[in-house]
There are 2 protein chains.
Amino acid sequence: MIGDIMNSAKKTSDSLDKDEDKLPVGESLGQDPVFDSLRKRGHRITAQRETILQIFREQPHGEHLSAEELHAKLLERGSNVSLATAYRTLKLLSSLGLLRELDFAEGHKHYELKQDTLPHQHIICTGCNLTLEFEDHFLEEAGQKIGSRYNFEVIDAQFKIFGLCPNCKLKRR
Amino acid sequence: MIGDIMNSAKKTSDSLDKDEDKLPVGESLGQDPVFDSLRKRGHRITAQRETILQIFREQPHGEHLSAEELHAKLLERGSNVSLATAYRTLKLLSSLGLLRELDFAEGHKHYELKQDTLPHQHIICTGCNLTLEFEDHFLEEAGQKIGSRYNFEVIDAQFKIFGLCPNCKLKRR
DNA sequence: ATTTATGCAAAGTTTTTGCAGGTTG
DNA sequence: CAACCTGCAAAAACTTTGCATAAAT
């Protein structure tokens with residue numbers, strides 16, 4: 001049988017939030033686990049990285065951002081971070097396992113904050129790109145077990161189902 | 001517990017095969033299921049498509065090709081198919097569910113022939129891009145069940161594990 | 001015949017990089 | 001102040017497209 005699938009599917013869409021304050025560098029960054037991970041490997045905490053992280057934290061759970069979308073949000077809030085830096089930061093945070101890098105099939109990647117507490121997987125319509133999410137900690141567990149079988153240190157386990165949504169099933173002749 | 005994982009992992013690499021004969025158009029294409037799928041939707045059987053399909057069929061199970069790699073193999077065997085056609089064909093065959101479109105994380109897609117009999121999933125090292133495969137029909141089944149729960153017609157279920165291979169685990173300080 | 005596919009070259013996207021100047025620890 | 005980061009603009013990598021010609025049904 002299948003692991004427990006919490007029926008928490010919802011549509012993926014962009015949320016247009018107002019701009020919010022960005023902290024000045026170094027404000028009460030006491031024990032932030034993300035920043036700790038950065039420091040631990042000799043990376044630095046910059047204003048740009050703080051703002052980017054903040055944006056990801058403000059994203060509703062399950063939303064993901066492309067590099068362009070992140071950049072747009074940065075500009076929206078008056079933070080003049082360059083697109084190049086957005087790309088560099090996304091790559092860095094992903095390599096540290098702090099962001100999750102998602103590939104659907106539209107030619108660019110999406111990123112979301114990694115939160116071990118809320119694994120979630122995707123089911124994608126190849127007809128209209130509708131993306132639903134579902135959660136199944138059984139799958140997460142399977143990833144860990146398979147990884148350790150091959151002596152891998154697992155960073156992320158992704159289960160993706162491609163298919164046709166009810167609508168596109170009909171339209172398809 | 002986990003479904004049966006057949007320990008059939010192997011490295012992904014390029015096999016340099018010699019060029020082989022390509023059939024002239026229309027030779028004994030009797031009931032080829034791939035060509036049937038094409039015809040059924042009004043697409044045509046061209047020499048280019050035949051050669052491309054043949055290349056995928058000659059690939060050892062588990063190997064995947066990028067558009068560039070496919071194109072290289074086409075040239076190797078003297079088939080002057082343009083890169084544009086390679087891209088167009090890959091897209092077409094994938095949309096028909098005949099090829100499986102794989103995204104690892106290196107900026108381009110890979111494709112492999114879809115064979116329902118031999119599902120396989122990937123575990124990818126984010127340090128060195130080493131890719132191992134494993135099979136687990138339990139996961140395949142899970143994909144079907146989850147898909148039908150959302151009323152999707154499932155085309156493909158992919159389970160991908162990202163992590164650090166034993167080597168990169170060490171090198172990483 | 002009619003419709004679909006191909007090749008070419010040009011254009012479009014997405015991502016990376018070199019380098020000079022700025023910032024962090 | 002040494003090492004690291006950023007912005008900018010240019011380049012690279014990857015993919016799509018317009019159009020005239022060629023091929024398939």
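We name chains A, B, ... by the order of the sequence lines, and we start the count at 1 in each one. Note that the coordinates shown come from a computational prediction; the quantities given were computed from them, not determined experimentally.
Distances shorter than 4.0 Å separate some side-chain N or O of A:Thr46 from OP1 or OP2 on D:dT6. Taking side-chain N and O atoms only, A:Arg49 has a distance below 4.0 Å to OP1 or OP2 of D:dC5. For D:dG7, the OP1/OP2 oxygens have a side-chain nitrogen or oxygen of A:Thr85 closer than 4.0 Å. The phosphate of D:dC5 has OP1 or OP2 within less than 4.0 Å of a side-chain N or O from A:His43. For B:Gln48, a side-chain nitrogen or oxygen approaches OP1 or OP2 of C:dG7 to under 4.0 Å. Proximity of A:Lys91 to the phosphate of C:dT15: no side-chain N or O atom is located under 4.0 Å from OP1 or OP2. In terms of phosphate contacts, B:Tyr87 brings no side-chain nitrogen or oxygen within less than 4.0 Å of OP1 or OP2 of D:dT16.
Spacing between atom CG of B:Leu96 and atom P of C:dA5 amounts to 11 Å, rounded to whole angstrom units. If you measure from atom CD of B:Glu68 to atom P of D:dA13, you get 10 Å, rounded to the nearest angstrom. Across the protein-nucleic acid pair, B:Arg41 atom CZ and D:dT25 atom C1' stand 19 Å apart, rounded to whole Å. Between the CG atom of B:Leu65 and the C1' atom of D:dC14 there is a distance of 16 Å, given to the nearest Å. As rounded to whole Å, 19 Å separates atom P of D:dC4 from atom CZ of A:Phe35. Atom CZ of A:Arg39 is separated from atom P of D:dC5 by 13 Å (rounded to the nearest Å). When rounded to the nearest whole Å, the span between CD of B:Glu50 and P of C:dA5 equals 14 Å. Atom-to-atom, CG of A:Leu83 to P of C:dT13 comes out at 14 Å; the value is rounded to the nearest Å.
Using a 4.0 Å cut-off between charged side-chain N and carboxylate O, A:Lys145 and B:Asp136 make no salt bridge. Salt bridge status for A:Asp103 with B:Lys160: absent, with no side-chain N to carboxylate O gap under 4.0 Å.
Judged purely by distance below 3.5 Å, without hydrogens or angles, the side chains of A:Glu112 and A:His120 pair a donor atom with an acceptor atom.
Sequence order on DNA chain D of the closest nucleotides to A:Ala84 and A:Leu92 puts A:Leu92 first from the 5' end.
Looking only at side-chain heavy atoms (C-beta outward), B:Leu99 and B:Leu113 come within less than 4.5 Å of each other.
The residue A:Arg88 sits close to a base: some heavy atom pair falls under 4.0 Å.
Among the nucleotides C:dG7, C:dT14, D:dA24, the one closest to any side-chain atom of B:Arg44 is D:dA24. Among the nucleotides D:dC14, D:dA24, C:dT15, the one closest to any side-chain atom of A:Ala67 is C:dT15.
A perpendicular orientation is assigned to the rings of B:His110 and B:His64, their planes being inclined by more than 60° (bins at 30° and 60°).
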